[in-house]
Number of protein chains: 2
Amino acid sequence: MPNPLVHKLECYVRLSDADRMCLADAVSPGRLVAARTDIIHEGDDPRAVNVILDGWACRYRQFANGRRQIVALLLPGDLCDPHVFLLDAMDHTIGAITPVLLGQITGARMQAMTARSPDLDLALHREALATAAMQREWTVSLGSRTGIERLAHLFCELHARLAAIGLTDGNTCPMPITQNDLGDAMGQTSVHINRTLQELRGLGLITLRSRRLTIHDPVALARLAHFDAAYLHLTAGSGATLAQRA
Amino acid sequence: MPNPLVHKLECYVRLSDADRMCLADAVSPGRLVAARTDIIHEGDDPRAVNVILDGWACRYRQFANGRRQIVALLLPGDLCDPHVFLLDAMDHTIGAITPVLLGQITGARMQAMTARSPDLDLALHREALATAAMQREWTVSLGSRTGIERLAHLFCELHARLAAIGLTDGNTCPMPITQNDLGDAMGQTSVHINRTLQELRGLGLITLRSRRLTIHDPVALARLAHFDAAYLHLTAGSGATLAQRA
DNA sequence: CGAACCATTGATATCATTCAAGGGCTGTGG
DNA sequence: CCACAGCCCTTGAATGATATCAATGGTTCG
């Protein structure tokens with residue numbers, strides 16, 4: 001299995017063979033987390049970084065009244081812990097949506113890598129910035145997009161992200177997420193998600209069946225969603241390295 | 001004028017006198033930006049960091065149809081540029097809400113500071129993590145809170161952040177933002193913001209007048225908003241330093 | 001071959017937007 | 001100091017979007 005983290009970082013910076021191997025090498029195979037359970041890591045090396053190698057997860061906040069808000073979806077190649085160890089308390093939870101295979105990069109390995117390769121350092125920095133940009137875009141979606149636009153936007157984003165890690169098959173990609181989860185992510189009820197999905201299907205834009213999504217008209221879907229992939233910053237090689245800019 | 005950045009970072013890590021002076025020294029007085037104009041910095045030292053020294057600003061996305069979504073409010077002591085220089089394109093705009101006084105820390109100064117003081121390094125890291133947590137909390141607000149809860153939550157957050165930089169006077173703090181801006185931030189129309197404000201006033205929770213906010217019953221307001229200040233991570237000194245954890 | 005979860009549907013209630021208009025505050029120039 | 005313009009706040013009525021409640025089929029997996 002090609003390492004999805006390597007695949008993704010190459011979308012930020014063109015990497016040398018040595019960098020690729022170094023990175024793949026640094027990721028030690030981790031544990032398997034069952035679907036619908038939380039990903040916790042007390043007692044782990046606090047400087048270590050967890051990577052999703054397979055499966056989908058999410059960051060979420062649970063309210064006392066039972067409502068749940070998913071604030072981010074984590075796909076293969078995504079990093080889990082936002083350096084939590086620097087803070088006193090975790091302000092949200094990470095949960096597995098499907099069964100999730102986790103990998104780990106130890107703190108020492110991480111430091112050695114970024115110290116030795118400016119390109120890897122840059123790639124990891126860009127990854128963090130892209131993650132922040134994604135979080136802003138979710139804020140925009142929830143604040144400014146209508147139900148159908150929101151859902152369309154999510155599908156555009158997920159397809160683009162999955163393409164970046166080689167998990168798409170043309171216009172088709174996995175979508176192993178229930179309408180309930182979609183509702184928790186979009187700030188809507190599953191009932192309304194269901195009706196919105198029917199609307200998208202009725203417009204001939206998508207097919208969503210058996211946990212797979214097909215986008216029949218990417219251009220029309222993107223236009224409907226006001227989707228502009230720029231915020232994902234998945235454009236390898238076009239920027240200067242840290243060293244060059246310094 | 002005490003430096004608001006120093007004031008804020010001290011909420012993340014207890015700083016030595018030397019660190020305080022070093023930091024205050026590093027911030028060179030910058031330019032004044034008029035209210036309602038964009039804060040741009042092409043041609044600036046790309047490794048430099050802009051700090052808001054006075055006034056309020058916001059990050060926002062403008063849509064073709066005229067709708068605007070504010071994704072973050074920037075107060076004195078907040079850092080403007082999310083290392084934009086590492087990316088190819090800015091995915092949002094920063095605009096001044098009031099007249100804004102900007103300061104600048106050059107890239108070299110920044111590197112020297114973090115290299116010399118582990119505490120300052122940790123403080124800046126925590127600042128970044130707190131910013132990310134805040135962005136997630138905005139996502140939660142827009143996705144899961146009702147209109148009145150959202151507004152109540154915003155007021156709780158802003159009062160806490162302003163308190164962290166010494167700009168509150170008991171339960172009163174500045175609130176130099178129009179109902180239109182509030183609408184753009186909360187994903188609602190100014191008309192609805194107006195009605196929600198009246199509801200909050202009617203409940204005896206707040207007074208908002210002449211650009212000043214008074215919270216009459218902080219506990220009740222926080223309960224209504226489901227506000228838990230933990231995500232702001234404004235708890236100095238209780239964590240270990242980077243070095244100690246390594 | 002159930003049991004549990006997931007998707008779908010209809011009717012109704014609630015929340016928020018839109019459109020339109022009027023009133024109040026504030027700063028500025030005469 | 002007054003008059004005016006421009007922005008900001010406020011209000012009402014009608015419309016639209018989404019939630020809620022309740023019930024039924026369908027799918028999957030043990």
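In what follows, every heavy atom counts, from backbone to side chain, and hydrogens, waters and symmetry copies are set aside. In what follows, chains carry the letters A, B, and so on, assigned in the order in which the sequence lines appear, proteins first and then strands, with residues in each chain numbered from 1.
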#### Entry: Check: B:Ala185 main-chain N/O paired with B:Gln69 side-chain donor or acceptor under 3.5 Å
yes
### Query
With a 3.5 Å cut-off and no angle check, do the side chains of A:Gln135 and B:Thr139 form a donor-acceptor pair?
yes
#### Entry: B:Leu151 CG - C:dC15 P separation (whole Å)
16 Å
#### Entry: Phosphate-side-chain proximity, A:Gln179 and C:dC6, N/O vs OP1/OP2 below 4.0 Å
no
### Separation of C:dA16 C1' from B:Leu142 CG (nearest whole Å)
14 Å
### Between D:dT10 (C1') and B:Leu208 (CG): distance, integer Å
14 Å
### Protein-nucleotide distance (B:Asn180, atom CG; C:dT18, atom P), rounded to Å
12 Å
### Message
Regarding B:Thr178, tell me which of base, sugar-phosphate or nothing describes its non-hydrogen contacts under 4.0 Å with the strands shown.
### Response
sugar-phosphate
### Task
Considering just the side-chain nitrogens and oxygens of A:Asn194, establish if one lies under 4.0 Å of OP1 or OP2 belonging to C:dT8.
yes
### Query
To the nearest Å, how far apart are B:Leu182 CG and D:dT10 P?
11 Å
### Task
Classify the nucleic acid contact of B:Arg211 as base, sugar-phosphate or nothing, counting any heavy atom under 4.0 Å across all strands shown.
sugar-phosphate
### Query
Between A:Ser210 and A:Thr189, who's closer to the 5' end of DNA chain D by nearest nucleotide?
A:Thr189
### Query
Salt bridge between A:Arg61 and A:Asp91, side-chain N to carboxylate O under 4.0 Å?
no
### Query
CZ of A:Arg209 versus C1' of D:dG26: gap in Å, rounded?
15 Å
### Query
To the nearest angstrom, how far is A:His192 atom NE2 from D:dA17 atom P?
9 Å
### Task
Could you grab the distance from atom CG of B:Leu73 to atom CG of B:Asp181, nearest 0.5 Å is fine?
8.5 Å
### Message
At less than 4.0 Å, is any side-chain N or O atom of A:Gln198 found next to OP1 or OP2 of C:dA7? Yes or no.
### Response
no
### Query
Hey, does A:Gly183 reach any base, or is it just sugar-phosphate, or nothing, if we go heavy atoms under 4.0 Å?
nothing
### Euclidean distance, atom CD1 of residue A:Ile193 to atom C1' of C:dA7 [Å, nearest integer]
13 Å
### Message
Keeping B:Arg36 on the side-chain end and B:Gly95 on the backbone end, is there a donor-acceptor pair under 3.5 Å?
### Response
no
### Task
Give B:Arg201 one of three labels, base, sugar-phosphate or nothing, depending on what nucleic acid heavy atoms sit under 4.0 Å from its own.
sugar-phosphate
### Query
Considering only side-chain heavy atoms of A:Gln188, which listed nucleotide, C:dA16, D:dA13, D:dA19, is closest?
D:dA19
